[in-house]
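We name chains A, B, ... by the order of the sequence lines, and we start the count at 1 in each one.
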Number of protein chains: 2
Amino acid sequence: MFSKSFGYAIRSILYLALMEEEKDKIQLDEISEELNVPRYFLAKVMNKLVKEGILDSVKGHNGGFSINEKTLSVKLISIMSLTGESSQFSKCVLQLGKCNASYPCPIHDRVELLRREWQALFKSLTIGDLLKKNENNFMKSLIAI
Amino acid sequence: MFSKSFGYAIRSILYLALMEEEKDKIQLDEISEELNVPRYFLAKVMNKLVKEGILDSVKGHNGGFSINEKTLSVKLISIMSLTGESSQFSKCVLQLGKCNASYPCPIHDRVELLRREWQALFKSLTIGDLLKKNENNFMKSLIAI
DNA sequence: TTATTAAAAGACATCCTTGTCTCTTAAGAT
DNA sequence: ATCTTAAGAGACAAGGATGTCTTTTAATAA
Ligand code: FES
Ligand code: FES
């Protein structure tokens, strides 16, 4: 349901957003060190985010990554779909192919309601929403142990 | 969140339960053919279920698998823990190690409520509960396409 | 006891996610 | 124009879940 990639993506985006006033561009090295995330793997995740238009990047001297006009309004479901995780919402929980309410598996009716709520949450929740709870230790809560 | 193993386990148990009146022991070959599930892989899943005491098995002539006194009261969370899936409920969604409400990650408060409900569902739902909706096409809804 | 049967156990192979490294490309500094 | 810098692209390895096959163990039939 939730991959490492998803966590890395969210945390990196929030890091960029929180650091925006300090520096407008931040390098991969800084992000991976500050968040304690594997450098080269993160590069690929970031690249996907840039290709999706969720972040901006500039190569070369004083280059790096930055948020853009779209970033804060990006919904979490969009980030989940980067790694194909959003498809969980349409897959049968028992892995019987595509979930089908008109031909429900034995567990379908029991999980459907909660799954819909879960899906609705990620369809509505945005990066900006996550930032609203910005307290003193917000940045620290992005960092892996 | 939901593995193939989980689906195979639930479907096999339900198959055994539905077939109980017809035959008291069912062989792996029949289950894998009827449910359209990989034979040898299913063997391992079934073995885990037997070791957990969720199913019974007998080797040799006229051997096979069968449900026991405990089977119908087994909670789905027990089956999830066979493949370590139940740990999802205690892991941080952003994969920041162990989820900790007193030191919440930026997404924690937004998902916690739903995650608790989800967990509560699987802690209460039993195999027997799944069988209550037994309609005409129940058996067919166990079979992969 | 011996043969047959079917689960249990163990060795691999495959696929996907994650992680690491090197080379290439492009942007700015000189 | 040339050098330096940092992202992008591609190759490759590690790990776990899944899938396949063979050998071993144990139960019943004969
Ligand atoms: S058909 Fe299985 S969860 Fe919907
Ligand atoms: S701390 Fe991240 S989900 Fe609870």
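A straight line from CD of A:Glu33 to P of D:dA6 spans 12 Å, rounded to a whole angstrom. For the pair B:Glu52 CD and C:dA8 C1', the computed distance is 16 Å after rounding to whole Å. Here D:dA11 presents its P atom at 17 Å from OH of A:Tyr40, a figure rounded to the nearest Å. If you measure from atom CD1 of A:Ile26 to atom C1' of D:dT5, you get 17 Å, rounded to the nearest angstrom. Between A:Gln88 atom CD and C:dT17 atom P there is a gap of 11 Å when expressed in whole angstrom units. Per the geometry, CG belonging to B:Asp29 stands 13 Å off P belonging to C:dA8, to the nearest Å. Between A:Ile31 atom CD1 and D:dA6 atom P there is a gap of 12 Å when expressed in whole angstrom units. The distance from atom CG of B:Asp56 to atom P of D:dA26 is 17 Å, rounded to the nearest whole Å.
When distances are taken from the side chain of A:Phe65 to each of C:dG28, D:dG8, D:dC21, the shortest belongs to D:dG8. Across D:dG8, D:dT28, C:dA7, the shortest atom-to-atom separation from the side chain of B:Asn62 is found for D:dT28. In the set C:dA9, C:dT20, C:dA7, the nucleotide with an atom closest to the side chain of A:Phe41 is C:dT20.
Linking Ile, Leu, Val, Met, Phe, Trp and Tyr residues whenever their side-chain heavy atoms come within less than 4.5 Å places A:Tyr8 and A:Met1 in a single cluster. No continuous path of hydrophobic side-chain contacts links B:Val58 to B:Val50 [ILVMFWY only; heavy atoms under 4.5 Å]. One hydrophobic cluster holds both B:Ile143 and B:Leu130 under the rule that ILVMFWY side chains link at heavy-atom gaps under 4.5 Å.
The NZ atom of A:Lys44 sits 14.5 Å away from the CG atom of A:Leu49 when rounded to the nearest 0.5 Å.
Residue-to-nucleotide contacts include no donor-acceptor pair under 3.5 Å from the side chain of A:Lys44 to the base of D:dG8. No donor-acceptor contact under 3.5 Å links the side chain of B:Lys4 to the base of D:dG19. The base of C:dT24 lies outside donor-acceptor range of the side chain of A:Lys59, with no N or O pair under 3.5 Å.
Contact annotation: B:Tyr8 reaches the phosphate of D:dG19 (side-chain N/O to OP1 or OP2, under 4.0 Å). Residue A:Ser57 places no side-chain N or O under 4.0 Å from the OP1 or OP2 atom of D:dA6. The side chain of A:Ser5 places an N or O atom within less than 4.0 Å of a non-bridging phosphate oxygen (OP1 or OP2) of C:dT18. For the OP1/OP2 pair of C:dT17 and a distance below 4.0 Å, the side-chain nitrogens and oxygens of A:Lys48 include no atom meeting the criterion.
Contacts of B:Lys51 with the nucleic acid, taken as non-hydrogen atoms under 4.0 Å apart, involve only primed sugar atoms and P, OP1 or OP2. A:Phe6 comes within 4.0 angstrom of nothing in the nucleic acid, heavy atoms only.
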Ring pair (Phe, Tyr, Trp, His ring centres under 6.0 Å) evaluation trace for A:Phe122 with A:Phe2: CA-CA 12 Å; A:Phe122 284 96; A:Phe2 293 105; 5.5 Å; yes
Full working for side-chain contact (heavy atoms from CB on, under 4.5 Å) between A:Cys99 and A:Arg115: CA-CA 11 Å; A:Cys99 172; A:Arg115 208 163 53 146; 2.9 Å; yes
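Remark on DNA chain C: of its neighbouring residues A:Pro38 and A:Gly60, the 5'-side contact belongs to A:Pro38, judged by nearest-heavy-atom nucleotide. Between A:Leu42 and B:Val58, the residue anchored nearer the 5' end of DNA chain C, judged by the nucleotide with its closest heavy atom, is B:Val58. Between B:Ser3 and A:Arg39, the residue anchored closer to the 5' end of DNA chain D is A:Arg39, taking for each the nucleotide with the nearest heavy atom.
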